[in-house]
Colleague: 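The structure follows.
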Number of protein chains: 2
Amino acid sequence: MLAPKTMETTSADDGAESFGPRQTDVLQAALALLVEGGDKGLTTARLARAANCSKESLYKWFGDRNGLLEAMITYQASKVRIAALPRVKPSAEEFRHQLAGFASDLLTVLSGPTSLALNRLSIGEAGREGAQLGGLLIERGRRAIENRAMRLLDAGRDAGLIAFDNRDAAFNALYGLIVGDMHVRMLLGDAVPLIADASALDTQAARAVDQFWRLYGVAEETNPNTN
Amino acid sequence: MLAPKTMETTSADDGAESFGPRQTDVLQAALALLVEGGDKGLTTARLARAANCSKESLYKWFGDRNGLLEAMITYQASKVRIAALPRVKPSAEEFRHQLAGFASDLLTVLSGPTSLALNRLSIGEAGREGAQLGGLLIERGRRAIENRAMRLLDAGRDAGLIAFDNRDAAFNALYGLIVGDMHVRMLLGDAVPLIADASALDTQAARAVDQFWRLYGVAEETNPNTN
DNA sequence: CCAAACAAGTACCGTACGGTACGGTTCGGG
DNA sequence: CCCGAACCGTACCGTACGGTACTTGTTTGG
């Protein structure tokens, strides 16, 4: 620490912080090591060997092991950018389809090995003093999901398809119905059957969307819910 | 490893495995260290100093660092045993009250510092080969929650208050509506406002129960849901 | 009253990690 | 052709951890 700090590849405030191709390869190798062996599997020596680079270069590029971990989170988050909404005023079927797509994407992302590994890393490091990885993961990963969901909810309300007073509560219900406790179970290493194959995953997504629709949908036979 | 293995305090299969008072104190100190400093804060030397015992005794009692961690999980799980159901055929209000109590208890337990620390520990160790802590935590911790919820659901159905085809799906919805993504956020170190004080927690619990009731409740004006 | 078990405290050992330093090599620009 | 920058590979250093051994009380049962 307290190195000369060229501050060009490790600047944390730069949103569009893009790594060179060499650093990208190194980050990819680091993610592979992390997925395979967890936190303790990712050592600087192993990474240098796996990525065919020197430890000195690692410290020059990322400054610190923590800087490397932060770069991994940022890099991975930049790789799974979620697509924006296609339209602004969807029909009921379109909207339900968008909800189902969101649910399916969410489950797919959360169950991905890289996402699980990074979440395990950040969670394992949380609870201490340093502990900025968790905040970074929330900011870079969860933020995108929340934004997409919020835009989705707004679009549905603007189209008169759903109704809610508390948008955060609606998001919480949508997220909870989709994910349940499967995320934590997967983080703990449990093999969740609903995530194993794509068909079960889509079934779970469809049921969650159906339940959310019953809670917040504005239909003709039921009263407009205001929760 | 491969010590003489007296196998009386570290036997993993014994469900009623109870530690002596000395071991209990040690486990309490270990939990305190874990809560304070996370995984890396709990070292054998520090624990020995904090608990006024010798490292040798630690290894004699728990065999191994992993054995100590397993004992901590088992001990903590035995301390937060959840109360059983008071009745078998509740009225509607009683049942809703029981649901609210379950929701409140669930949020209280999950947001507890010891629970968070143990979950962080198990999650951080998951993804490797050894990795039996996650399974142990699921078995000792989540199992109890799931059992209570399942008995609750069965009681509600037997009383004609709720209806469901897929009990696992109903549990997933109940759990998801109550917890949402707050557990993972707390595990990541985020300060979740809905958990900060008891009133916000109860509000969240009440809304979740309300939503669950709208999904699965058998009321007079709405159709009996069969999802 | 004594011996055997038990446990605290400390010292110790091997290892593995984060981080640094250095020599050799490649490569692009002048 | 040369120079300097970047970088690989490796060796090295200090530290901190898990686990073991040993010494000194202290309890306890016969």
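Order of the sequence lines sets the chain letters (A, B, ...), proteins ahead of strands, with each chain counted from 1. The structure displayed is predicted, hence computed values, not measured ones.
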Colleague: How long is the line joining CG of A/Asn66 and C1' of C/dG18, in whole Å?
Modeller: 12 Å
Colleague: Side-chain N or O of B/Arg22 versus OP1/OP2 of D/dT27: is the shortest distance under 4.0 Å?
Modeller: no
Colleague: Can you measure A/Lys40 atom NZ to C/dT15 atom P for me and round it to whole angstrom units?
Modeller: 15 Å
Colleague: In chain order, what residues pass the salt bridge (Lys or Arg N to Asp or Glu O under 4.0 Å) check against A/Glu36, with sequence neighbours excluded?
Modeller: none
Colleague: In terms of side-chain geometry, is the basic nitrogen of B/Arg128 or A/Asp39 positioned less than 4.0 Å from the acidic oxygen of its partner?
Modeller: no
Colleague: Which atom names give the shortest non-hydrogen contact between B/Leu177 and B/Phe212, and what distance separates them?
Modeller: CD1-N, 3.6 Å
Colleague: Between atom NZ in B/Lys60 and atom P in D/dA21, what is the gap in whole Å?
Modeller: 13 Å
Colleague: Could you tell me if A/Tyr75 and A/Glu70 have a donor-acceptor pair between their side chains, going purely by distance under 3.5 Å?
Modeller: no
Colleague: Can you find a side chain N or O atom of A/Trp61 that sits less than 4.0 Å from OP1 or OP2 on D/dC7?
Modeller: yes
Colleague: Under 3.5 Å, which donor-acceptor pairs link side chains of residues 47-59 of chain B to any protein atom two or more places apart or in another chain?
Modeller:
unit_1  : atom_1 : unit_2  : atom_2 : d
B/Ser54 : OG     : B/Ser57 : N      : 3.1
B/Ser54 : OG     : B/Ser57 : OG     : 2.9

Colleague: Can you measure B/Gln23 atom CD to C/dC6 atom C1' for me and round it to whole angstrom units?
Modeller: 12 Å
Colleague: Rounded to the nearest Å, what distance is computed from the CZ atom of residue B/Arg65 to the P atom of nucleotide D/dG19?
Modeller: 8 Å
Colleague: What is the distance, rounded to the nearest whole Å, between atom CG of A/Asp39 and atom P of C/dA16?
Modeller: 17 Å
Colleague: When you compare the side chains of A/Gln211 and A/Tyr216, does any donor N or O come within less than 3.5 Å of an acceptor on the partner?
Modeller: no
Colleague: Where along residues 46-59 of chain B does a heavy atom come under 4.0 Å from DNA chain C, residue by residue in number order?
Modeller: B/Arg49, B/Asn52, B/Cys53, B/Ser54, B/Glu56, B/Ser57
